[in-house]
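Notes follow the structure.
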Number of protein chains: 2
Amino acid sequence: MGMLTSLSGFPEWLPEDQLVAEAFLSLVKEKLTLYGFTPLRTRAIEPLSTLLSKGETSKEIYVLRRLQADGDEPDKELGLHFDLTVPFARYVIENHDKLAFPLRRYQTQEAWRGERPGLGRFREFLQADFDIIGEGDLPILADAEIVQVCADILAALPLPAVQLRVNNRKILEGVYQALEVQDPAEMLRTLDKVDKIGEQGVYDYLTKAAIVPASVVDICMQVARIKASSSADLYQQFNSLGLTNDLISTGLHELGYILDAVSRGNPGSLVADLSIARGLDYYTGTVFEARFTELPRYPSILGGGRYDRLASGERADKKMPGVGASLGMARILGVLLNEGFLKASRPTTTVVMIGLISNELYQNSIEIAQIFRKRNIPCEIYLAPDRYGKQIRYAARKGIPFIWFPSETGSTIGEVKDLRTGIQIPADANQWLPAEDLGVQIVKDETAWQAILNNPVFTRH
Amino acid sequence: MGMLTSLSGFPEWLPEDQLVAEAFLSLVKEKLTLYGFTPLRTRAIEPLSTLLSKGETSKEIYVLRRLQADGDEPDKELGLHFDLTVPFARYVIENHDKLAFPLRRYQTQEAWRGERPGLGRFREFLQADFDIIGEGDLPILADAEIVQVCADILAALPLPAVQLRVNNRKILEGVYQALEVQDPAEMLRTLDKVDKIGEQGVYDYLTKAAIVPASVVDICMQVARIKASSSADLYQQFNSLGLTNDLISTGLHELGYILDAVSRGNPGSLVADLSIARGLDYYTGTVFEARFTELPRYPSILGGGRYDRLASGERADKKMPGVGASLGMARILGVLLNEGFLKASRPTTTVVMIGLISNELYQNSIEIAQIFRKRNIPCEIYLAPDRYGKQIRYAARKGIPFIWFPSETGSTIGEVKDLRTGIQIPADANQWLPAEDLGVQIVKDETAWQAILNNPVFTRH
């Protein structure tokens with residue numbers, strides 16, 4: 001168990017951990033499929049001009065050159081994508097006429113950033129992105145579907161307690177407008193740091209730098225403290241502040257709509273939290289994120305929101321609003337798998353190892369194996385005619401639950417031993433079914449979670 | 001339908017095609033799981049020294065630099081992997097003490113080469129690699145398991161006719177030894193070109209360059225013409241040549257063993273073909289490849305073999321022989337999906353679209369959707385309260401088979417319309433089950449295959 005990183009920032013896993021990672025990803029894909037998202041894959045490599053088109057020059061992009069390139073060849077400069085949003089926007093614009101909108105797609109791929117690795121931050125990292133992109137108009141029901149699938153995914157995954165929090169940028173922008181804040185973007189960025197520098201830190205920064213009057217900061221802080229689990233609750237808390245304008249009304253309506261839509265089927269799965277801002281500039285309405293409830297300092301494991309301008313950059317004639325989310329697979333597995341909270345129920349896909357009697361009787365083992373494979377029972381053949389004691393030790397070391405001892409006559413009747421109980425019984429390969437052990441399951445180890453909570457690496461400020 | 005390549009050599013697919021690609025890959029993984037292979041993933045990026053360690057300097061490697069790197073920083077030079085074999089060998093050596101051998105792993109990832117794109121050749125391409133790596137010794141039964149799983153995968157995939165051909169390098173090396181050929185490697189490379197330049201071409205090249213006497217080339221050609229489907233057949237044909245030595249005997253025994261092991265359960269799935277050499281230097285015994293039977297000029301879609309030295313490069317104390325194969329996913333899909341031989345049974349995962357009566361009654365649609373999702377029926381909600389005519393047109397355009405019209409009262413009884421037949425019936429969301437349409441299937445279009453066969457792009461010499 002454990003993350004292998006012989007190259008800093010590039011995690012790899014042992015086979016038993018990779019089994020967990022794959023099962024984890026399958027759960028995510030299953031849920032997305034139930035919401036009508038179809039899989040997409042974009043190339044890993046983009047022209048540098050695409051990667052820089054959103055002005056994200058601060059990203060540490062990996063640029064490519066061919067080892068054997070002539071210095072002066074006219075190749076476009078290429079780089080590895082640093083997220084899945086920019087390539088998806090490029091894909092949508094490029095293939096616009098071949099796609100049906102609203103488009104629901106998911107994309108599970110690695111992205112790369114040449115940043116200094118840190119807690120939950122890697123240079124190569126797996127993301128699961130899913131978005132609904134509309135054409136012209138995209139109703140708020142799309143936001144509800146996205147937040148709903150996020151809540152469903154988080155509930156289906158084997159995770160410790162997670163909190164999904166949602167807000168709406170229009171509320172914050174409306175508040176700043178009502179309070180006549182001069183630089184709303186700066187205000188948003190600073191308030192977004194409350195998790196990192198605390199309320200007092202935010203207050204001190206904004207007032208000492210004389211960016212905004214203390215009274216205004218006070219009201220913004222009151223807004224940021226609002227937490228609600230239903231639209232009625234939200235309206236009641238907000239109205240006590242006495243702030244109103246059109247942006248606020250729209251934002252409150254949208255946020256309340258989502259709260260009511262999602263909470264109804266999953267009470268407690270979602271909370272409106274008016275401190276959530278999400279740093280990136282392109283969100284225009286709904287914003288949300290999820291964190292491990294007990295690890296508030298660990299970076300968010302899921303984030304997303306509504307954007308109205310992302311995919312329309314190069315086609316001003318087409319308004320293509322979208323709403324989507326990004327699940328940080330690398331970030332989740334980077335702590336849960338590495339610290340042993342998630343484990344595979346066994347370290348191999350093999351349910352049963354077929355013993356080998358002798359080199360001459362290898363066909364007996366192959367025939368049993370082929371019967372099992374036709375019956376969807378994962379198995380492997382032991383490859384050398386060693387003493388059965390040695391064959392059993394190999395299976396035990398590999399964590400294979402059963403061994404099948406084939407008959408010398410080539411009959412399908414053999415003996416099968418459960419290595420966990422030691423019990424050995426005669427069985428017919430055409431009938432025997434280890435139904436409960438067919439697939440590898442993900443097992444949660446709560447004591448490992450307690451160890452994480454006691455580890456200052458994860459909890460210190 | 002069709003491959004999207006706005007950047008030459010970097011294929012992308014439309015959603016309906018990506019659905020096929022994913023289903024295709026799932027079939028491959030299912031089969032590999034039945035043979036006890038576990039998934040592995042190695043980072044996409046390796047130190048350049050690892051990439052060049054096998055002397056593969058002719059590969060067009062993409063080298064990386066960080067966009068914002070200082071010119072003189074001491075970062076190791078990094079590059080994108082150009083296959084999955086070199087990183088796997090590195091992984092095995094690095095994590096040797098944490099792994100149990102023989103190790104069965106599969107790996108489905110992209111690789112990158114900065115080569116000029118051509119027929120079935122891309123700059124970014126998906127491979128499915130699977131290997132058994134032993135420690136010290138790896139019996140020939142491992143080769144049989146690998147060839148068997150290849151035969152099973154090829155039979156399970158929706159493909160046109162494919163021929164899997166196997167040989168053993170020891171036979172060829174034994175023949176060259178018996179005939180006292182001076183440069184066996186050159187001989188091997190030249191005979192391997194018989195598909196490209198024809199028998200006469202090979203003959204002319206070898207004799208005119210005076211590399212080998214004509215009589216020797218004649219015998220080598222006779223060897224290369226041998227095709228057999230059982231060990232008995234193989235021995236009989238070979239013995240008529242009158243060539244014997246230890247290498248030949250071992251090679252014939254190994255090849256016969258594999259033929260008999262694999263053909264028994266799958267008659268006709270495999271043929272011994274003594275012209276198969278596989279260009280790469282590292283194979284030491286079994287070699288095999290698969291091609292589309294009717295497209296012999298299209299590059300091989302699967303290849304592999306036995307290697308005795310690959311993973312042991314840096315640890316001379318550990319002999320780690322392996323046998324494995326690489327399935328060229330990009331190469332297969334590059335023709336079959338692009339030319340429309342493979343299609344999705346529908347272009348979306350959604351089985352049923354839930355209509356929206358009005359903005360006020362959005363909860364009715366959400367509740368039906370959540371019932372379906374709990375029952376594992378993929379669905380999406382129509383997002384705007386448009387006239388039903390418009391909602392139906394959207395579903396039809398998207399290829400969604402069913403529409404559910406929810407009740408205004410919020411009851412789970414609604415009406416469901418099959419858009420293919422036009423039939424609309426009342427149904428209860430808790431009971432209705434479109435069992436035959438739940439998953440997206442891969443459909444084969446044989447007329448598209450005929451078009452491929454008639455297209456000189458694929459058949460010309």
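Every chain is numbered from 1 and lettered A, B, ... according to where its sequence line falls, protein lines coming before strand lines.
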Exercise for the section: With rounding to the nearest 0.5 Å, note down the distance linking CZ in A:Phe82 to CG in B:Leu67. Expected result: 10.5 Å
Practice task
Can you tell which part of A:Ile132 gets under 4.5 Å to a heavy atom of chain B, answering side chain, backbone, both or neither?
Solution key: side chain
Completion exercise
The interface call for A:Tyr382 against chain B, heavy-atom contacts under 4.5 Å, is backbone
Handout entry: Interface moiety of A:Leu383 toward chain B, non-hydrogen atoms closer than 4.5 Å
Key = both
Problem - A:Asp152 portion near chain B, given a 4.5 angstrom heavy-atom threshold - result: side chain
Completion exercise
When the 4.5 angstrom heavy-atom criterion is applied to A:Arg104 and chain B, the contacting part is both
Problem - Which atoms of A:Ala21 approach chain B - backbone, side chain, both or neither, heavy atom under 4.5 Å - result: neither
Problem - Closest contact, heavy atoms only, A:Pro39 versus B:Glu22 - result: CG-CG, 3.5 Å
Problem - Which atoms of A:Gln148 approach chain B - backbone, side chain, both or neither, heavy atom under 4.5 Å - result: side chain
Problem - Contact class of A:Arg105 relative to chain B, heavy atoms under 4.5 angstrom - result: neither
Problem - Residue A:Leu99 versus chain B: region with a heavy atom under 4.5 Å - result: side chain
Practice task
Answer yes or no: is there a side-chain heavy-atom contact under 4.5 Å between B:Thr38 and A:Val440?
Solution key: no
Exercise for the section: Under 4.5 Å, counting heavy-atom pairs only, tell me which of A:Met353, A:Glu46, A:Arg65 racks up the most with chain B. Expected result: A:Arg65
Practice task
Side-chain contact test, heavy atoms from C-beta onward, threshold under 4.5 Å: evaluate it for A:Leu141 versus B:Ile366 and give yes or no.
Solution key: yes
Exercise for the section: Give the member of A:Trp13, A:Phe101, A:Tyr394 that has the highest number of heavy-atom pairs under 4.5 Å with chain B. Expected result: A:Tyr394
Exercise for the section: Pick whichever of A:Leu7, A:Leu19, A:Thr350 has the most heavy-atom pairs under 4.5 Å with chain B. Expected result: A:Leu7
Handout entry: Side-chain heavy atoms of B:Leu64 within contact of A:Leu64, under 4.5 Å
Key = yes
Exercise for the section: Can you see which heavy atom on B:Ser6 is nearest to which on A:Glu94, and at what distance? Expected result: OG-OE1, 2.8 Å
Fill in the blank from the handout: Output for pair (B:Leu4 CG, A:Arg43 CZ), nearest 0.5 Å, gives 10.0 Å
Handout entry: Which portion of A:Lys29 sits near chain B, non-hydrogen atoms under 4.5 angstrom
Key = side chain
Handout entry: Contact origin within A:Tyr91 toward chain B - heavy atom pairs under 4.5 Å
Key = side chain
Exercise for the section: Please name all residues satisfying ring-ring contact (aromatic ring centres under 6.0 Å, His included) with A:Phe37, sequence neighbours left out, ordered by chain then number. Expected result: none
Problem - Electrostatic pair B:Glu12-A:Arg90, nearest N-O below 4.0 angstrom - result: yes
Completion exercise
Turns out that what part of A:Leu356 lies under 4.5 Å from chain B's heavy atoms comes down to side chain
Exercise for the section: Could you tell me which of A:Gly134, A:Gly399, A:Cys379 has the largest number of non-hydrogen atom pairs under 4.5 Å with chain B? Expected result: A:Cys379
